[in-house]
Amino acid sequence: MNDAIRLHESWKTPLALEFAAPHMQALKDFLVGEKAKGARIFPKGSEYFRALDLTPLDQVRVVILGQDPYHGEGQAHGLCFSVQPGVRTPPSLVNIYKEMQADLGIARAPHGFLEHWAKQGVLLLNSVLTVEMGRAASHQGKGWEKFTDAVIRVVNEQAGPTVFLLWGAYAQRKAAFVDGSRHLVLKAAHPSPLSAHNGFHGCRHFSQANAFLEAKGLAPIDWALPEEV
């Protein structure tokens with residue numbers, strides 16, 4: 001997209017055809033045009049692919065799917081559900097922390113910065129990777145969805161046994177093609193305050209994910225976040 005883009009080498013060959021596709025050129029033109037008009041786009045360009053940069057393909061053990069980046073000042077940094085240090089923890093992530101505490105006894109972190117997960121092989125992937133400040137869902141339908149579909153296909157085909165945590169109908173539709181005979185696909189309601197009571201609370205996805213990984217001879221995820229970032 002621009003010279004500042006950062007993407008781990010492990011993704012470049014599997015996604016080469018995707019980056020060359022016409023919809024990606026159209027997406028690039030759209031983003032350049034929006035910036036030329038003075039639009040503020042989140043996250044910054046170097047963090048569009050932050051999820052893929054922090055989590056190499058051969059290290060993916062868990063996939064969590066989100067929808068759009070946060071559109072508030074200073075929030076988004078390229079990982080779904082995560083916010084930058086010093087930013088108030090969003091309501092959906094508060095509910096994720098509540099479920100982790102109920103499931104694993106992990107006390108709620110004093111921040112919403114999830115890079116600790118990403119560096120362990122948790123791919124925190126939004127469906128759409130950019131947004132205009134203050135305009136929720138403003139970059140939907142511009143090409144990102146096709147790109148992130150391709151990312152999920154690559155993980156489905158190339159990664160070792162992986163856990164897919166699909167929270168909400170949108171994520172479940174997006175990853176409907178994932179091979180459940182090789183991977184563990186766990187579904188629940190979205191952790192949003194509007195829906196978490198419909199089955200997210202009590203889903204125990206974090207312990208189930210670790211049990212699956214250990215059964216496959218893989219290291220479990222340390223879901224406990226560091227106190228300080």
Side-chain angles (χ1 to χ4, degrees), residues 5-8 10-11 15 42-44 46-72 74-85 87 89-97 99-100 104 106 108-109 111-131 139 144-145 147-156 159 162-168 170-172 174-175 178 183-188 190-192 200 203 205-206 208-210 213 218-226 229:
I5 290 299
R6 299 173 190 168
L7 178 67
H8 191 274
S10 62
W11 295 98
L15 292 172
F42 297 147
K44 60 186 179 182
S46 61
E47 294 179 335
Y48 289 176
F49 302 104
R50 185 69 171 154
L52 301 179
D53 195 40
L54 284 179
T55 311
L57 175 57
D58 60 354
Q59 295 178 27
V60 174
R61 288 183 284 160
V62 177
V63 177
I64 299 178
L65 293 181
Q67 195 161 349
D68 290 278
Y70 299 116
H71 56 86
Q75 292 181 298
H77 64 109
L79 305 180
C80 72
F81 293 106
S82 181
V83 290
Q84 298 187 56
V87 176
T89 304
S92 290
L93 186 53
V94 170
N95 282 332
I96 290 170
Y97 288 170
E99 178 57 26
M100 283 169 45
L104 297 172
I106 295 171
R108 173 181 164 180
H111 58 82
F113 189 63
L114 303 182
E115 284 199 356
H116 176 66
W117 294 357
K119 291 175 180 177
Q120 296 181 74
V122 181
L123 182 63
L124 296 166
L125 183 68
N126 274 319
S127 177
V128 176
L129 302 188
T130 58
V131 70
H139 290 183
W144 280 128
E145 292 93 340
F147 175 79
T148 52
D149 283 350
V151 172
I152 298 168
R153 282 198 300 272
V154 166
V155 174
N156 182 51
T162 302
V163 182
F164 286 80
L165 302 185
L166 307 181
W167 299 334
Y170 183 93
Q172 291 163 23
K174 187 171 181 68
V178 169
H183 307 296
L184 177 63
V185 179
L186 298 175
K187 301 176 182 179
H190 194 277
S192 161
F200 179 76
C203 69
H205 280 184
F206 303 98
Q208 290 184 66
N210 279 352
L213 293 172
L218 301 171
I221 302 298
D222 174 18
W223 295 105
L225 295 164
V229 293

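Since the model is a prediction, treat every value here as computed from it, not as a measurement. Basis for what follows: all heavy atoms, side chains included, without hydrogens, waters or symmetry-related copies.
Between F49 and W144, the ring planes are perpendicular. Angles over 60° get that label, and only those under 30° would be called parallel. Note: W117 and F206 have tilted aromatic rings, judged against thresholds of 30 and 60 degrees for the angle between ring planes.
Looking at heavy atoms from C-beta onward, L52 lies in side-chain contact with L15 at the 4.5 angstrom threshold. Here the side chains of F81 and P191 are in contact, with some heavy-atom distance below 4.5 Å. The shortest distance between side-chain heavy atoms of K119 and L54 falls below 4.5 Å. Side-chain contact between L213 and V62 is present, with at least one heavy-atom pair separated by less than 4.5 Å.
By the side-chain contact (heavy atoms from CB on, under 4.5 Å) test, D58 pairs with P56, sequence neighbours left out.
Each of T148, N126, L166, L123 was scored for a side chain to side chain contact (heavy atoms under 4.5 Å, CB included) with L65, with one residue passing: L166.
The structure places CE of M100 at 7.5 Å from CH2 of W223, a figure rounded to the nearest 0.5 Å. Note: T55 OG1 to Q120 CD = 10.0 Å, rounded to the nearest 0.5 Å. Separating the CG atom in L129 from the CZ atom in R50 is a distance of 14.0 Å, to the nearest 0.5 Å. To the nearest 0.5 Å, atoms CZ (R108) and CG (L93) are separated by 8.0 Å. Of the inter-residue distances, the one linking L186 atom CG with F164 atom CZ reads 11.0 Å to the nearest 0.5 angstrom.
Without hydrogens or angle criteria, E99 side chain to N95 main chain gives no donor-acceptor distance under 3.5 Å. Checking side-chain atoms of H139 against main-chain N and O of D68 turns up no donor-acceptor pair under 3.5 Å. Between the W167 side chain and the I64 main chain, no donor and acceptor come within less than 3.5 Å of each other.
One finds no salt bridge joining E145 and K174 here, because no Lys/Arg side-chain nitrogen approaches an Asp/Glu carboxylate oxygen to under 4.0 Å.
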Practice problem: Please step through side chain to side chain contact (heavy atoms under 4.5 Å, CB included) for the pair V229 and H116, ending with a clear verdict. | Solution: CA-CA 9 Å; V229 293; H116 176 66; over 6 Å; no
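Checked against the 6.0 Å centroid criterion, the rings of F113 and H77 qualify as a close aromatic pair.
Between the side chains of T89 and Y97, not a single donor N or O lies within less than 3.5 Å of an accepting N or O.
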